[in-house]
2 protein chains.
Amino acid sequence: MGIRYAILGLLNYEDLHGYRIKEHIERNFGHMWSINYGQIYQNLKRLEDEGLVKMVEVAQSENGGPRKKLYCITEEGRAEFSRWLASSPDRQMLLRDPFLTRFVFFDFGDPEDALRLIDEQIESYERQLDRRRENTGRWKQYGTYVRLTSELGVEFNEMYLGWLKRARGEVERRMRAGAKAWEAPPKR
Amino acid sequence: MGIRYAILGLLNYEDLHGYRIKEHIERNFGHMWSINYGQIYQNLKRLEDEGLVKMVEVAQSENGGPRKKLYCITEEGRAEFSRWLASSPDRQMLLRDPFLTRFVFFDFGDPEDALRLIDEQIESYERQLDRRRENTGRWKQYGTYVRLTSELGVEFNEMYLGWLKRARGEVERRMRAGAKAWEAPPKR
DNA sequence: AACATATATGTATTTAGTATATAGTGTCAA
DNA sequence: TTGACACTATATACTAAATACATATATGTT
């Protein structure tokens, strides 16, 4: 029930259709937020059933093309969104990372594999940090809260890159020292 | 398919049953990892069907009590775990936070509500940081990778608390200045 | 003509997460 | 002594989220 309110929140800014919502989220929250069409269209349908949004089908452009369903938030929608916004979040932050899930178990793995995976992460997050910094300007127009959130994104990225590089150093030093003979388990 | 390998990973250390696995995860990863019995028992069953773990039913203790199903990793299981461990993660980090989801939209809300929610977060993360710092010692026995991961947890927590406090200051200052008259939407 | 790309929506399936049911044992207090 | 509560243990039902796949039209390119 989080996507539901994120969509409702975006509709506070302007009327949108599914495709544009995905584009918007990708562009603005793409770092920590990746969303799928399936999730969007299902949520839009349900929001409409509940009367929190209204839908009008419109042509894509003068030249035709697939028609789009433009959604606009209703008064009921705004009221429901306000209630949610002021309510205390019921859950803690959720962080799930397929890299970290592997990393924490690497005492059972080959340090060389660990180094390779770390390097992949460093490269990926360095590119991400560049993009985030480029975008900070654009986010300012949305107001204080959006700007602060984007700053959090940058700070997180910097912190994480720092940790990755430190971890890399430790793993490499430990590997060179040959501190622990790593034994491959049987492959079959 | 992440929980599956996390369970397999824990079984590398020692034989475990469902209840103990949850306890283990809660104790050691409880900050960023919360798992549910439903997920554990389903995954254990499936792992057994696939021959990656073996199960023996044993009594709980001498005094009786509900019997437990003790799971142990097989050779096939170890091989499959090794393959997974060395494979490049297919997805990016996933961060989902019901507080941040609200925060980013607070240009449509009452700053006083924002302050209240921020204060709740600060209190919660300050307690969490204390617990994490207490635990760092215990984690060291598990090796370099577990220790590094726990250090990441602490660094993340410190960074996030810093951001929360800065954000609080900005919101408060902005509110006092009355920079923007906030208008409540119709409640009904 | 064939192919890629962009716009647009939708369904099906799998995985993750939440809630709740069940059941035995031990403990402490009213 | 019984009854509430906590602890150990497993299991199922249900909801939400995430992924994969399917469809359709228009534009530009080779």
Side-chain angles (χ1 to χ4, degrees), chain A residues 1-7 15-27 29-30 32-50 55-71 84 89-98 101, chain B residues 1-7 15-27 29-30 32-50 55-71 84 89-98 101:
Chain A
M1 303 273 290
I3 289 160
R4 174 191 168 79
Y5 291 103
I7 290 175
D15 296 352
L16 291 165
H17 56 278
Y19 189 84
R20 193 75 61 216
I21 288 175
K22 163 138 180 170
E23 204 184 48
H24 200 288
I25 290 178
E26 220 88 303
R27 234 171 88 96
F29 308 90
M32 30 178 68
W33 222 181
S34 103
I35 199 164
N36 186 281
Y37 287 125
Q39 301 168 254
I40 292 171
Y41 289 114
Q42 280 166 216
N43 272 281
L44 281 174
K45 190 175 262 177
R46 199 174 139 190
L47 284 169
E48 200 195 353
D49 289 343
E50 296 176 33
M55 186 268 280
V56 230
E57 221 163 326
V58 294
Q60 184 182 140
S61 69
E62 301 109 47
N63 308 338
R67 47 207 328 189
K68 49 192 178 184
K69 296 182 169 179
L70 204 62
Y71 290 87
W84 169 79
D90 44 335
R91 298 182 219 303
Q92 282 275 106
M93 176 184 289
L94 189 111
L95 187 85
R96 220 98 315 170
D97 184 352
T101 313
Chain B
M1 302 276 288
I3 288 161
R4 174 190 168 80
Y5 291 102
I7 290 174
D15 296 353
L16 291 165
H17 58 277
Y19 189 84
R20 193 74 62 214
I21 288 176
K22 163 136 183 173
E23 203 183 50
H24 201 289
I25 290 178
E26 219 87 304
R27 235 170 86 96
F29 307 91
M32 31 178 66
W33 221 180
S34 101
I35 199 165
N36 185 281
Y37 288 125
Q39 299 168 253
I40 293 171
Y41 290 114
Q42 278 166 221
N43 273 282
L44 281 173
K45 191 175 260 177
R46 199 175 139 189
L47 285 168
E48 200 195 353
D49 289 343
E50 294 175 35
M55 186 269 281
V56 232
E57 221 164 325
V58 294
Q60 184 184 138
S61 69
E62 301 112 43
N63 309 337
R67 47 208 328 188
K68 48 192 180 187
K69 297 182 167 179
L70 203 64
Y71 290 87
W84 169 79
D90 44 334
R91 296 181 220 305
Q92 281 275 104
M93 175 183 292
L94 189 110
L95 185 83
R96 219 101 312 173
D97 184 352
T101 313

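Bear in mind the structure is a predicted one, so any value in this text is a computation, not a measurement. Here is how names work: the chains are called A, B, and so on, in the same order as the sequence lines, proteins then strands, and each is numbered from 1.
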Nearest to the side chain of [X], which nucleotide is it out of [options]?
{"X": "B/Arg91", "options": "C/dA6, D/dA20, D/dA17", "answer": "D/dA20"}
{"X": "B/Glu23", "options": "D/dT8, D/dT10, C/dA8", "answer": "D/dT8"}
{"X": "A/Ile3", "options": "D/dA17, C/dT7, C/dA8", "answer": "D/dA17"}

Expressed as a whole number of angstroms, how long is the span from [X]:[atom1] to [N]:[atom2]?
{"X": "A/Ile35", "N": "D/dA16", "atom1": "CD1", "atom2": "C1'", "result": "12 Å"}
{"X": "B/Leu95", "N": "D/dA18", "atom1": "CG", "atom2": "P", "result": "12 Å"}
{"X": "B/Asn43", "N": "C/dA16", "atom1": "CG", "atom2": "P", "result": "7 Å"}
{"X": "A/Glu48", "N": "C/dG10", "atom1": "CD", "atom2": "C1'", "result": "14 Å"}
{"X": "A/Ile7", "N": "D/dA18", "atom1": "CD1", "atom2": "P", "result": "12 Å"}
{"X": "A/Glu57", "N": "D/dT25", "atom1": "CD", "atom2": "C1'", "result": "14 Å"}
{"X": "B/Lys68", "N": "C/dG24", "atom1": "NZ", "atom2": "P", "result": "18 Å"}
{"X": "B/Glu26", "N": "D/dT8", "atom1": "CD", "atom2": "C1'", "result": "15 Å"}

Requested in this report: Mind checking salt bridge (charged side-chain N to carboxylate O under 4.0 Å, His left out) for A/Lys22 and listing every partner two or more places apart, or none if nothing turns up?
Outcome: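 Salt bridge (charged side-chain N to carboxylate O under 4.0 Å, His left out) list for A/Lys22, sorted by chain: A/Glu26.
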Query - salt bridge (charged side-chain N to carboxylate O under 4.0 Å, His left out) against B/Arg46, all qualifying residues, sequence neighbours excluded - result: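 In terms of salt bridge (charged side-chain N to carboxylate O under 4.0 Å, His left out), with neighbours along the sequence ignored, B/Arg46 is linked to B/Glu50.
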**Report entry** Inter-residue atom distance B/Asp90.CG - B/Met1.CE, 0.5 Å rounding
**Finding:** 9.5 Å
**Report entry** Along DNA chain D (nearest heavy atom to each residue), the more 5'-positioned of B/Lys69 and B/Leu94
**Finding:**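 The answer here is B/Lys69.
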Query raised in the report: Under 4.0 angstrom, heavy atoms only, what part of the nucleic acid is A/Leu70 near: base, sugar-phosphate, or nothing?
Result: nothing
Requested in this report: Report which part of the nucleic acid A/Arg20 touches: base, sugar-phosphate, or nothing (heavy-atom distance under 4.0 Å, all strands).
Outcome: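 A/Arg20: backbone/sugar contact only, no base atoms under 4.0 Å.
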Excluding sequence neighbours, so at least two apart, what forms side-chain hydrogen bond (donor to acceptor under 3.5 Å, both in side chains) with [X]?
{"X": "A/Tyr41", "value": "none"}
{"X": "B/Asp97", "value": "B/Tyr160"}
{"X": "B/Tyr19", "value": "none"}

When you compare the protein's N or O atoms with those of nucleotides 12-15 of chain D, which come within less than 3.5 Å of each other, and at what distance?
unit_1	atom_1	unit_2	atom_2	d
D/dT12	OP2	B/Lys45	NZ	3.4

Query raised in the report: Quick one: is D/dA18 close enough that its OP1 or OP2 comes under 4.0 Å of any side-chain N or O from B/Arg96?
Result: yes
Requested in this report: Kindly say if A/Lys22 contacts the phosphate of C/dT9, meaning a side-chain N or O under 4.0 Å from OP1 or OP2.
Outcome: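 No.
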Query raised in the report: Could A/Arg20 and A/Glu23 be called an ion pair, given the rule that one side-chain N must be under 4.0 Å from one carboxylate O?
Result: yes
